[in-house]
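A short worksheet on the structure shown next.
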Protein chains: 2
Amino acid sequence: MDRFRTMESFVRVVRSGSFTVGASQLGLSRALVSRHISDLEAHLGVRLLNRSTRSLALTEEGTAYLEFCEKVFREIETSELAIRRTRTEPAGTLKVLAPKSFGALHLSDAVVGFAKLQPRLRISLMLENTPYRGTYDFAERDLDVVLCFSTMRGASVIEEKIVTLDWVLCASPEYLARSGAPNTPAALADHSCLVHINVQPIDVVWRLSGPEGSVSVKVRAAFSADSSLTLRKAAVAGLGITMIPRYAVTDELASGALEIVLPRHKVAARPMLAVYPKAVVTPAKVQAFVEYLKAWMIERSFDVAQPG
Amino acid sequence: MDRFRTMESFVRVVRSGSFTVGASQLGLSRALVSRHISDLEAHLGVRLLNRSTRSLALTEEGTAYLEFCEKVFREIETSELAIRRTRTEPAGTLKVLAPKSFGALHLSDAVVGFAKLQPRLRISLMLENTPYRGTYDFAERDLDVVLCFSTMRGASVIEEKIVTLDWVLCASPEYLARSGAPNTPAALADHSCLVHINVQPIDVVWRLSGPEGSVSVKVRAAFSADSSLTLRKAAVAGLGITMIPRYAVTDELASGALEIVLPRHKVAARPMLAVYPKAVVTPAKVQAFVEYLKAWMIERSFDVAQPG
DNA sequence: CTAATTGTTCAATTTTATGCAACAATGATG
DNA sequence: CATCATTGTTGCATAAAATTGAACAATTAG
């Protein structure tokens, strides 16, 4: 027996003052409404309504139960609607996990802008380069979105591309003067390379595309770190050549603190992904944030796939 | 979909931290519990649980919904149990309608005694001789029990005999001296009779049983009233012969203010009935009251059907 | 008293809930 | 790093309800 339904019938009958009109208001048969009341009375072991063919009155227990029903329905109105609203209206807390360097350099600005647009939304931004381990993070660490560079094999997540980021090979002029700037990708193997350890082990192989096509070079990781900021510092200090997102070194390239290596070759651009659980419906806060971030980055010309 | 059931599943899953053990605790299959959560999420349009095969975590909306569920369940515990308890434990208010004379002379004492035994019970005693009109009174006037002398044709009520009351024919010695005491039932037709107008029109015919068997006499209502107290006063004042419950005139008969008329004949004893709605279960307060009243009256020798 | 209206009961029918088995997915283990 | 046990999900057959329409009982208005 569906108690919610029987309760609804009971309330309706009392309000309308009759089984017949109560039933018609609910779009049910009199027979069923009668059964509902009977079931309810059997369940409670108490008579709720004193009824004759012409008249209807609540018993004392009926009055108490009516109050209870109305209270429950009022709470459903309140709580369920509030929850339901989060489907279309961002609310609550948005928990984002993002790479350290990207977070520190840019995402924090984007997040602040987003927060201003969503005063009802609390935002929690965590910056870590912990490799993403599948849906585990969402469940265990209570995350809403994870931003990352590498794709996942997870089947129950959605990976949405935010932008395609430009990567560059660069080193300090001092290092290049000292060690000699490489002329071919293959020459990189003899150089001191600064490697991001978090972009999968695959990346100890660097891929470049030039006039001769795509080339893979296995490089020697003279120095490795889990943050582009560290790699940038190492490069500026003349420790070697690094492969790094362009956004991390724009200032250095402009000021001449760093120089592009192998300028005739290009480093493969990499997508930046927003990963979130695959659910029947995506929470509005997640959707809104991903949209915002995408627009924010494209507007600032982060995306090499888009003209900007 | 039974929302109470799905809510129960949801709470259980969260508490146990797993669909599997949650389902087994509820005695349901994992499949069903999984459906319950899905239905709930579809209903709310929101994901409640971030789940992977090894781990389980509430989303923000899930946390809010869990609170809601627990609140509702807590209220069910409280309210429903309180209501259910009235089945076995008298509580609330007991509303009794009784004939004026009986109420004034005896019932009020009985009710006071009952009230002392039931401190949690509020009692409302209304004394009226309004003829009982069927289940109407229970519904319209919000009554629990009606005490009366005449049986009803109502089919949806229970009529429980409290006691069988002795009735007597009596008059003042002064009247009998003046008008002559009747020797036969038939002689009553020539007397001035004091009639209770509320004991149905039938009662203008008085029935007596004597050595010659049962006799019916159509009497002349020289005086009629809706209360035995009034009839008693009239009789004491010498207005004529009245048929009256013995309980109303015990003192007068003892003191000699009134005398039995036709002592060799007997007035048919009449049952005093407690009438209450026919429900699947009778409220404890009604049951307790009827039981108490029955015992109380038998103890005081009101019942001619019982030795005492 | 009659008749119309109301609540209830009982049958049949539709709908829904439920469990089993196969499946997909994930993470612990060696 | 691959394997496998474990977990949540899905499809399908079945069992269990909810639901209705019609006959019924009961009550009151005219």
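Because the structure is a prediction, the values reported are computed rather than measured. Side-chain atoms are counted along with the backbone in the values below, which use heavy atoms only and exclude waters and symmetry mates. The sequence lines fix the lettering, A, B, ..., with proteins before strands; numbering per chain opens at 1.
- Here B/S52 does not reach the OP1 or OP2 of D/dT7: none of its side-chain N or O atoms lies under 4.0 Å away.
- Side chains of A/E8 and A/H36: a donor-acceptor N/O pair is absent below 3.5 angstrom, by distance only.
- A/F10 has its side chain out of reach of A/T6: every pair of non-hydrogen atoms, C-beta onward, lies at least 4.5 Å apart.
- One can place CG of A/L56 at 18 Å from P of D/dA26, the figure rounded to the nearest angstrom.
- A/E159 is not listed as a side-chain neighbour of A/K278, based on a closest heavy-atom distance of 4.5 Å or more.
- For a distance-only test at 3.5 Å, the side chain of A/R30 qualifies as a donor-acceptor partner of the base of C/dG7.
- Phosphate contact (OP1/OP2 of C/dT8, side-chain N/O of A/S34, threshold under 4.0 Å): present.
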Sugar-phosphate or base contact per nucleotide [nucleotides 14-20 of chain C; S, B, -; heavy atom under 4.0 Å]: ---SBBB
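- Atom C1' of nucleotide D/dT9 and atom CD of B/E41 are separated by 12 Å, given to the nearest angstrom.
- Overall bending of the helix from C/dC1-D/dG30 to C/dG30-D/dC1, expressed as the angle between end axes built from five pairs apiece, is 30° (10° steps).
- Note on A/S18: only backbone sugar-phosphate atoms sit closer than 4.0 angstrom, heavy atoms only; bases stay farther off.
- In this structure, B/R47 atom CZ and D/dG8 atom P are separated by 12 Å, rounded to whole Å.
- In summary, the side chains of B/T93 and A/E60 do present a donor paired with an acceptor at a separation below 3.5 Å, with no hydrogens or angles considered.
- For the residue pair A/Y276/A/Q287, the side-chain donor-acceptor check at 3.5 Å is not satisfied.
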